[in-house]
Amino acid sequence: MRKIVMVMTGALLFSGCSDNQVILPKANSVENSLELATTVPDLLLTENKNDQVAIYGRAQGDVFSSLTVQIDKATQTYSWSNVSNPSFYPVIYRGSLGTEGENLIVVVLTKGAGTGIHESEVHVLRPDFTEIPVVDPIEFAMNQMKLELYTEQGLRHYTITANEHEYSYEFNDRDSSDWFDQPNVQHIVRYDVQNHELVAELPIQISLGHYLGNAIVKYRLHNGELQPSTFELSKD
């Protein structure tokens, strides 16, 4: 198992139509008239030699506005984007997801990052470059939580109920001047692969600098798409 470190929002996910035709390796059959790719885009961003997958980017200002995915010896270019900061280069994983034994490639992109904000995006491909849709986790996460708030003597008491468990938090009202009316999970979404499962982690914000733990959403492949399946709440 190879773990990828996530660093998106949710965001998303069905963007990225192919700009170029798939370039397949030569086969012995004369029916295959497509040539093996002999050139690659400007810069290698991410590579896993053991899994024979890599991502190349073409810089435009402070972003890579065009990304090329190499799987084995074939490549395809997408209109996906990623920030040019090397700390947030794309992350890749190749293997099965959940109980599916398919050979899948997961690509996690970072489209923007800053204080209290992390905009990321995930794409899941089959080896023939067919993309599997990934459902946005935000609505699912919000539907799994019930929040109660009461204030007294300058203190804010929060209680989150999820999966029949209650989690309590307390803040001084003076700790922030911009408390949200409702918890927010839209500003930061981090994707990861853990134990062969696609996972989205969404910090639950109640102000730009205060959080009520993390919503953990796990995915399952169903009806041709990766759908949110289970929910957990982590206080870490």
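Everything numeric here is computed off the predicted structure, so don't read it as measured data.
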A.B. asks: Give, for atom OH of Tyr56 and atom OG1 of Thr77, the distance between the pair rounded to the nearest 0.5 Å.
C.D. replies: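 So the OH of Tyr56 and the OG1 of Thr77 are separated by 11.5 Å.
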
A.B. asks: Might you work through the side chain to side chain contact (heavy atoms under 4.5 Å, CB included) test for His165 and Leu233, ending with a clear yes or no?
C.D. replies: CA-CA 9 Å; His165 294 285; Leu233 197 149; over 6 Å; no

A.B. asks: Students often mix this up, so state it plainly: with edges at 30° and 60°, are the rings of Phe171 and Trp179 parallel, tilted or perpendicular?
C.D. replies: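 It falls in the tilted class, 30° to 60°.
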
A.B. asks: Decide whether Phe129 and Val53 are clustered together by the hydrophobic rule: side chain heavy atoms of Ile, Leu, Val, Met, Phe, Trp, Tyr closer than 4.5 Å, transitively.
C.D. replies: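 Yes: a chain of side-chain contacts under 4.5 Å links Phe129 to Val53.
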
A.B. asks: Does Asp181 CG have over 12 foreign heavy atoms under 6.0 Å away?
C.D. replies: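 Open: at most 12 neighbouring heavy atoms sit under 6.0 Å from CG of Asp181.
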
A.B. asks: Does any N or O in the side chain of Asp51 come within less than 3.5 Å of the main-chain N or O of Tyr93, such that one atom is a donor and the other an acceptor?
C.D. replies: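 Absent.
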
A.B. asks: Quick one: does Val106's side chain get under 4.5 Å of Leu97's, heavy atoms only?
C.D. replies: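 Yes, close enough: below the 4.5 Å cut-off.
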
A.B. asks: Does any N or O in the side chain of Asp173 come within less than 3.5 Å of the main-chain N or O of Leu155, such that one atom is a donor and the other an acceptor?
C.D. replies: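 No, the answer is negative, given that no donor and acceptor are paired below the 3.5 Å cut-off.
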
A.B. asks: So which atom in Tyr89 and which in Asn82 form the shortest heavy-atom distance, rounded to 0.1 Å?
C.D. replies: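 Minimum heavy-atom contact is CA-ND2, 3.8 Å.
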
A.B. asks: Heavy-atom count around Glu47 CD within 6.0 Å, excluding the residue itself: above 12?
C.D. replies: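 Buried by this count: over 12 neighbours within 6.0 Å.
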
A.B. asks: Please answer whether the main-chain N or O of Arg174 pairs with a side-chain N or O of Asn172 as donor and acceptor at a distance below 3.5 Å.
C.D. replies: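 Indeed, once roles are kept as given, a pair shorter than 3.5 Å links the two residues.
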
A.B. asks: Please tell me if the side chains of Val91 and Thr46 come closer than 4.5 Å, counting only heavy atoms from C-beta onward.
C.D. replies: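 No. Closest side-chain heavy atoms not under 4.5 Å.
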
A.B. asks: Is Arg126 close to Leu104 at the side-chain level, that is, under 4.5 Å between some pair of heavy atoms?
C.D. replies: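 Yes, close enough: below the 4.5 Å cut-off.
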
A.B. asks: Is there a path of hydrophobic side-chain contacts, each under 4.5 Å between heavy atoms of I/L/V/M/F/W/Y residues, joining Met142 to Tyr158?
C.D. replies: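 Linked, Tyr158 and Met142 end up in one cluster.
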
A.B. asks: Indicate the atoms forming the closest heavy-atom contact of Asp178 with Ser207, along with that distance.
C.D. replies: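 Minimum heavy-atom contact is OD1-CB, 3.6 Å.
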
A.B. asks: Between Ile204 and Pro183, what is the shortest heavy-atom contact and its length?
C.D. replies: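 Closest approach of Ile204 to Pro183: CG2-CB, 3.7 Å.
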
A.B. asks: Leu226 versus Val122: any side-chain heavy-atom pair under 4.5 Å?
C.D. replies: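 Counting from C-beta outward, Leu226 and Val122 never come under 4.5 Å.
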
A.B. asks: To the nearest 0.5 Å, tell me how far Asn85 CG sits from Thr110 OG1.
C.D. replies: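 Atom-to-atom, Asn85:CG and Thr110:OG1 are 9.0 Å apart.
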
A.B. asks: Mind checking whether Leu43 and Phe64 have side chains closer than 4.5 Å, heavy atoms only?
C.D. replies: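 Side chain of Leu43 against side chain of Phe64, heavy atoms only: contact under 4.5 Å found.
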
A.B. asks: With rounding to the nearest 0.5 angstrom, report the CG to CZ distance, Asp72 to Arg94.
C.D. replies: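 Between Asp72 CG and Arg94 CZ, I get 4.5 Å after rounding to 0.5 Å.
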
A.B. asks: Rounded to the nearest 0.5 Å, how far apart are OG1 of Thr161 and CD of Glu166?
C.D. replies: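 Going from OG1 on Thr161 over to CD on Glu166, the span is 4.5 Å.
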
A.B. asks: Determine the minimum heavy-atom distance between Ala141 and Ala215, stating which atoms define it.
C.D. replies: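 Scanning both residues, the minimum pair turns out to be CB-CB, 4.3 Å.
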
A.B. asks: Measure across Pro228 and Val135 and return the closest heavy-atom pair with its distance rounded to 0.1 Å.
C.D. replies: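 The answer is CD-CB, 3.6 Å.
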
A.B. asks: Determine whether a donor-acceptor pair (N or O, by modelled atom type, separation under 3.5 Å) exists between the side chain of Asp136 and the backbone of Ile138.
C.D. replies: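 Flag set: sc Asp136 to bb Ile138 pair under 3.5 Å.
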
A.B. asks: Start with the C-alpha gap between Leu67 and Leu109, add the side-chain angles, then the distance that decides, and say whether side chain to side chain contact (heavy atoms under 4.5 Å, CB included) holds.
C.D. replies: CA-CA 10 Å; Leu67 298 177; Leu109 307 176; 3.7 Å; yes

A.B. asks: Indicate yes or no: at least one non-hydrogen side-chain atom of Ile216 is less than 4.5 angstrom from one of Val199.
C.D. replies: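 A side-chain contact exists here, since the closest heavy-atom pair is under 4.5 Å.
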
A.B. asks: Would you check if Lys49 and Gln52 make a side-chain contact, meaning some heavy-atom pair closer than 4.5 Å?
C.D. replies: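 Contact flag for Lys49/Gln52 side chains = no.
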
A.B. asks: Are the side chains of Leu149 and Ile206 in touch, meaning some heavy atoms are under 4.5 Å apart?
C.D. replies: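 With C-beta onward as the side chain, the pair stays apart.
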
A.B. asks: Does atom CD of Gln182 have more than 12 heavy-atom neighbours, drawn from other residues, nucleotides or ligands, at distances under 6.0 Å?
C.D. replies: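 Open: at most 12 neighbouring heavy atoms sit under 6.0 Å from CD of Gln182.
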
A.B. asks: Which pair of non-hydrogen atoms, one from Asn214 and one from Glu201, has the smallest distance, and what is that distance?
C.D. replies: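 Closest heavy-atom pair between Asn214 and Glu201: CB-CG, 3.9 Å.
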
A.B. asks: Would Phe140 and Gln227 satisfy side chain to side chain contact (heavy atoms under 4.5 Å, CB included), going step by step from the backbone distance to the final call?
C.D. replies: CA-CA 10 Å; Phe140 178 83; Gln227 301 177 358; over 6 Å; no

A.B. asks: Ignoring hydrogens and geometry beyond distance, is a side-chain donor-acceptor pair present between Ser81 and Lys111 at under 3.5 Å?
C.D. replies: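 Lys111 and Ser81 do have a side-chain donor-acceptor pair below 3.5 Å.
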
A.B. asks: Apply the test side chain to side chain contact (heavy atoms under 4.5 Å, CB included) to residues Tyr78 and Val69: give CA-CA distance (whole Å), side-chain angles for both, the deciding distance (0.1 Å), then the verdict.
C.D. replies: CA-CA 8 Å; Tyr78 298 87; Val69 180; 4.0 Å; yes

A.B. asks: Using 0.5 Å steps for rounding, measure from the OH atom of Tyr219 to the OG1 atom of Thr230.
C.D. replies: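 Interatomic distance, Tyr219 OH to Thr230 OG1, rounded to 0.5 Å: 11.0 Å.
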
A.B. asks: Would you say the side-chain atoms of Asp128 pair up with the backbone N or O of Thr130, donor to acceptor, closer than 3.5 Å?
C.D. replies: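 Yes, because the side chain of Asp128 sits within donor-acceptor range (under 3.5 Å) of the backbone of Thr130.
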
A.B. asks: Rounded to the nearest 0.5 Å, how far apart are CD of Glu119 and CD1 of Ile188?
C.D. replies: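 Going from the CD atom of Glu119 to the CD1 atom of Ile188 covers 12.0 Å.
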
